[in-house]
Every structure is written in C-alpha cells, then in structure tokens.
Chemist: 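The structure's right below; bear with me while I get my questions together.
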Number of protein chains: 2
Amino acid sequence: MKQEAETARGAPATLWDRTRRLASREILETALRLFTEQGYDETTIAQIAREAGVSQRTLFRYFGTKEDLLGGNQDRFGQVLTDTISELPAEVGVWEALRTGVAAVLALHDSREQALERFRLLHNTASLRAGWLEKQLRFQEDLLPLIEVRMDAATGSVGAKARAVIATAFACLDAASMTWVDNDGKGDIIDLYDECLAAVRG
Amino acid sequence: MKQEAETARGAPATLWDRTRRLASREILETALRLFTEQGYDETTIAQIAREAGVSQRTLFRYFGTKEDLLGGNQDRFGQVLTDTISELPAEVGVWEALRTGVAAVLALHDSREQALERFRLLHNTASLRAGWLEKQLRFQEDLLPLIEVRMDAATGSVGAKARAVIATAFACLDAASMTWVDNDGKGDIIDLYDECLAAVRG
DNA sequence: GACTGTTTGGCAGCGACTGCCAATTTGCGT
DNA sequence: ACGCAAATTGGCAGTCGCTGCCAAACAGTC
C-alpha cells in the first residue's frame with residue numbers, strides 16, 4: 001500500500017503495481033461484461049471472481065463494494081464537481097457555476113458508448129439508481145458551502161434554498177441522462193440538461 | 001389472507017384479523033423504538049423479533065423489508081400523490097398541481113412529533129435515504145404521464161422536461177424536510193417547500 | 001540465499017431475506 | 001362438542017454481499 005515513487009507516466013516501476021493494475025482491469029472488464037450480459041442483480045460476486053480468476057476475498061480487496069465494480073469511479077465525480085466550482089470566480093452565479101461543474105463531470109467519460117452502457121445499466125437497475133442517488137446526496141453536502149456563498153441571503157434559510165438549487169441541478173442532470181439513454185445516446189447530454197433547466201426555471 | 005368482508009369500521013370480525021393487527025402494531029412500535037434508541041443500522045431484525053415476541057420468519061411475513069418497519073408506509077404516498085393530482089382539473093398548471101399533491105402527502109402524517117422522528121431517522125441514515133430516493137423515483141415514473149399532459153409541448157422532449165419538473169418538486173420537498181428537521185420541526189414544511197421552489201424558479 | 005514486507009486465498013461468520021415443511025391455532029359445518 | 005380444513009406460525013437451511021482472521025505464496029532487498 002506504499003505509494004512508492006513511480007515515474008509519473010509509463011509503466012509502474014514494480015511488478016506488484018503492474019500485477020495489481022492487470023488484475024484490477026481484468027476484474028472490472030469481467031464485471032461489466034457480466035452485468036450487461038445478464039443484469040446487475042443476477043450477477044453474483046462469486047461468478048465475477050471465478051471468471052476473473054481471483055478469489056472473492058481478493059476481489060473485495062480491490063473493490064470494496066459490488067457497486068464499485070461499475071467502474072468509472074463515481075467518487076471522482078464529486079471531486080471534479082467541487083474542484084471545478086470552487087475554482088470559479090466569485091461573480092459567477094449559482095446556476096452557471098453548477099452548469100460548469102456538470103459539464104466538467106460529463107467530460108470525464110471515456111467514450112460515448114461506454115457512458116451509454118453505464119447509464120443504461122444505472123437507469124435500469126433499481127438498486128444501482130438508489131446507490132447513485134445516495135452518492136449525489138453526499139456531493140450535495142460537499143457543494144452546499146460553495147453554493148451558499150454565491151446566493152444572496154435575502155430572506156429565509158439560505159441552507160434550504162442552496163440545497164434546493166443543488167438538488168434541482170442534479171434532478172435535471174438525471175432527467176437529461178435518462179432521456180439521453182432513452183434516445184440511445186443521440187445528442188449531447190449537456191444540451192438536454194439545458195433544456196430541462198429551462199423547463200424548470202420557466 | 002382472505003380479505004373477508006369485515007364491517008368497514010369497528011373491530012374486525014375474526015380473531016385472526018384482530019391478532020394480526022395487534023402483532024403488526026407490536027412489531028412496528030418495537031422497531032421504531034429500537035431504531036430511535038440505537039440507530040437503524042445498529043438494530044438487527046433478530047433483536048426486533050425477539051423483543052416483539054415473534055419469530056424472524058413471522059416478522060418478515062408482516063413486513064417484507066427492514067425498511068417497511070419504519071411505518072407510515074411510504075407506498076401510500078405515491079398513491080395519494082397520483083390520486084390527488086389526477087383529480088385536479090386540466091387547467092391547473094404543473095407547479096400548482098405538484099404543490100397540491102405534496103401538500104396532500106404532508107397531511108398524511110399522524111402527529112408532528114412522529115413525523116419529525118421519522119424524518120430525522122431518514123435524513124441521518126444513509127441506507128434509508130437511498131431507499132426513500134428509490135421510492136421517489138418510482139413515484140416519479142407514475143407521475144410522468146399526469147404531468148406530461150399539463151405541459152405545453154413547445155419544443156424538445158416533453159418527457160425530459162416533465163421528468164425534470166417532477167424531480168425538482170421532489171428535490172424541493174427533500175430540501176424543505178431536511179431543513180425542517182434541522183430546525184427541530186419549527187414551522188410548516190409546506191412553507192419551506194414554497195421557499196425552496198421560489199429560490200429555484202427565481 | 002535468507003530476510004522482510006506485501007499480497008493472496010480460504011474459512012468462518014454476520015445480517016437481510018427466502019423457500020420449505022411441520023406444528024399450532026382458528027373458523028366452520030355437522 | 002367434535003373434527004376437518006384453512007390460516008398462521010416457527011424453525012431450519014440456504015443465498016448473497018461483505019468482513020475479520022490467519023496461514024501460505026510472493027516480490028523486493030541485502
């Protein structure tokens with residue numbers, strides 16, 4: 001677990017790291033394949049471990065949760081979101097700031113197809129949606145202070161308003177990505193996002 | 001399981017029904033007590049069953065899921081929501097329709113204190129929040145057709161917009177109830193809801 | 001080649017949840 | 001009041017995600 005100095009780019013120095021990366025990839029690919037083939041709930045950890053050629057115990061050491069096997073580790077989303085927004089100048093309004101953050105997150109996906117695959121899985125599996133929404137809530141908490149300072153504290157509870165605004169942005173993102181999936185990945189999600197937001201804000 | 005004709009109000013005719021109701025209440029009260037005493041995740045089904053004086057198997061026959069033990073069965077919320085909105089005249093706009101539905105749902109709670117207790121539990125327990133959000137998603141799907149017909153199909157995907165609007169309403173409800181809990185139940189949730197919506201729709 | 005630290009696999013166990021079967025309880029007809 | 005059928009219950013074993021623990025296999029260093 002020692003984050004040894006490995007030459008920033010290129011193959012990692014040690015055999016351990018190389019093996020780790022290989023195993024990680026093998027597990028991830030096996031998992032995604034099985035998930036799309038037979039569904040998330042219908043795929044057991046035992047099966048993934050067997051087909052990836054590792055023990056269950058090792059699999060859980062690489063990925064602490066079954067959800068983590070979806071790849072495109074969603075925890076980074078929160079990071080990128082908060083980083084992007086906190087680097088914005090103070091004059092930028094809440095809505096524009098959130099839009100910028102959302103765009104940055106959407107830009108993280110490798111390929112359109114992989115994104116489509118993941119989103120499809122996400123929107124078709126109840127347990128996954130729930131997990132995703134829970135993560136959203138955590139992002140929401142992280143975003144709260146960054147948004148609060150950008151809002152005019154005119155009347156009432158600033159916290160409530162900020163929460164509502166953030167949650168609305170996420171709601172639009174979800175609605176947009178859901179529609180995107182329904183359209184088999186036609187168009188850009190960010191355009192759908194704008195459309196949704198326009199519908200909400202009249 | 002035969003839904004025998006029991007005089008609509010008053011004690012149910014058969015002993016079975018009476019016993020069932022008693023057991024149900026006993027389990028529910030025990031569960032809520034333990035949840036608030038030691039937390040949701042820290043309370044095991046085995047403990048609830050033991051203290052309620054039934055077997056685990058029977059407990060699961062009364063309530064299919066641990067979440068169902070929260071009481072105030074949330075599945076009714078969806079019912080009330082869709083019923084309320086579908087009974088509204090066609091001229092009523094989407095936002096007013098949704099507000100009416102939300103108000104109807106909020107009116108379902110027995111007492112302010114019980115509601116506060118449940119909301120507090122909900123907002124402080126990650127797994128519960130996830131479950132609640134998942135139910136919200138189901139409500140959202142049910143509401144979709146009712147909202148779509150109330151929207152002007154000017155441009156773009158009506159589905160996306162309707163979804164966004166509904167999700168925004170839920171987002172405001174969540175933000176409102178969260179703030180309500182933070183304020184220890186001071187004021188009316190529906191007022192906070194209006195405040196949140198105002199913040200979003202500018 | 002021996003020593004040290006890392007990684008791995010297996011096993012037992014927990015908690016939510018389900019299917020199955022036998023035992024108990026309740027309702028009803030005679 | 002008795003007995004049969006239906007409803008209800010409890011117990012047991014098993015699944016699945018997930019964790020702690022311990023011994024074995026392994027990479028890296030001297």
Side-chain angles (χ1 to χ4, degrees), chain A residues 1-7 11-28 30-31 34-35 38-70 125-128 130-132 134, chain B residues 1-7 11-28 30-31 34-35 38-70 125-128 130-132 134:
Chain A
M1 287 296 179
K2 202 169 26 162
Q3 274 296 79
E4 195 74 32
E6 65 194 45
T7 48
T14 107
L15 210 186
W16 278 342
D17 279 6
R18 242 177 302 155
T19 320
R20 273 185 80 79
R21 256 158 239 242
L22 222 92
S24 175
R25 225 174 241 170
E26 176 70 23
I27 295 172
L28 225 51
T30 309
L34 291 175
F35 287 161
Q38 41 178 301
Y40 178 81
D41 288 326
E42 287 69 34
T43 305
T44 71
I45 295 283
Q47 190 184 7
I48 301 171
R50 206 183 317 123
E51 300 207 12
V54 294
S55 72
Q56 282 192 45
R57 198 64 192 76
T58 301
L59 190 153
F60 274 117
R61 266 194 278 258
Y62 279 82
F63 305 92
T65 324
K66 192 181 179 185
E67 278 181 25
D68 292 344
L69 290 170
L70 272 189
T125 313
S127 45
L128 283 180
W132 166 243
E134 199 188 325
Chain B
M1 287 298 180
K2 199 168 34 161
Q3 275 296 77
E4 195 76 30
E6 65 193 44
T7 48
T14 108
L15 211 185
W16 277 340
D17 280 6
R18 240 177 303 157
T19 319
R20 272 184 81 79
R21 256 158 239 243
L22 223 96
S24 175
R25 223 173 241 169
E26 176 70 24
I27 294 172
L28 226 50
T30 309
L34 291 175
F35 287 161
Q38 41 178 300
Y40 178 80
D41 288 328
E42 288 69 34
T43 305
T44 71
I45 294 284
Q47 190 185 7
I48 301 171
R50 207 183 318 124
E51 299 207 13
V54 295
S55 72
Q56 284 192 45
R57 199 64 190 77
T58 301
L59 191 154
F60 273 118
R61 266 194 278 258
Y62 279 82
F63 305 91
T65 321
K66 192 181 180 186
E67 277 181 27
D68 292 345
L69 290 170
L70 272 189
T125 312
S127 44
L128 283 179
W132 166 243
E134 201 187 324

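Labels below follow one simple rule: chain letters A, B, ... track the order of the sequence lines, proteins then strands, and each chain is numbered from 1.
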Chemist: Identify the two heavy atoms, one from A:Thr43 and one from A:Ile48, that lie closest to each other, and give their separation to 0.1 Å.
Modeler: CG2-CG1, 3.7 Å

Chemist: In whole angstroms, how far is the C1' atom of C:dG9 from the CZ atom of A:Arg50?
Modeler: 16 Å

Chemist: If you assign B:Lys66 and B:Thr19 each to the DNA chain C nucleotide with the nearest heavy atom, which residue ends up on the more 5' nucleotide?
Modeler: B:Lys66

Chemist: Find the distance A:Asp17:CG to D:dC26:P and express it as a whole number of Å.
Modeler: 19 Å

Chemist: Assign each of A:Phe60 and B:Thr58 to its nearest nucleotide of DNA chain D by heavy atoms, then name whichever residue's nucleotide is nearer the 5' end.
Modeler: B:Thr58

Chemist: Let me know the distance between CZ of B:Arg61 and P of C:dG19, rounded to the nearest Å.
Modeler: 11 Å

Chemist: Want to settle it: does A:Thr43 or A:Arg57 sit nearer the 5' end of DNA chain D, counting the closest nucleotide to each?
Modeler: A:Thr43

Chemist: Compare every heavy atom of B:Leu128 with every heavy atom of B:Leu70, then report the nearest pair and how far apart it is.
Modeler: CD1-CD2, 3.7 Å

Chemist: Do you see a donor-acceptor pair shorter than 3.5 Å between the side chains of B:Ser127 and B:Asp41?
Modeler: yes

Chemist: Using whole Å, what does the distance between atom P of nucleotide C:dG9 and atom CG of A:Leu59 come to?
Modeler: 10 Å

Chemist: Can A:Lys66 be said to sit on top of A:Phe35's aromatic six-ring, NZ or CZ under 6.0 Å from centre and within 45° of the ring axis?
Modeler: no

Chemist: Does B:Phe60 have any ring pair (Phe, Tyr, Trp, His ring centres under 6.0 Å) partners at least two apart in sequence or in another chain, and if so, which?
Modeler: none

Chemist: From C:dC17, C:dT8, C:dG9, pick the nucleotide closest to the side chain of A:Ser55?
Modeler: C:dG9

Chemist: Between D:dT9 atom P and B:Glu26 atom CD, what is the distance in whole Å?
Modeler: 14 Å

Chemist: Provide, to the nearest angstrom, the distance between the OH atom belonging to B:Tyr40 and the P atom belonging to C:dG15.
Modeler: 14 Å

Chemist: Ignoring the backbone of A:Ile45, work out which of D:dT9, D:dG17, C:dG9 is nearest its side chain.
Modeler: D:dG17

Chemist: OP1, OP2 of D:dT8 versus side-chain N and O of B:Tyr62: anything below 4.0 Å?
Modeler: no

Chemist: Tell me: CZ of A:Arg18 to P of C:dT6, nearest whole Å?
Modeler: 19 Å

Chemist: Atom CG of A:Leu22 to atom C1' of D:dA27: distance rounded to whole Å?
Modeler: 16 Å

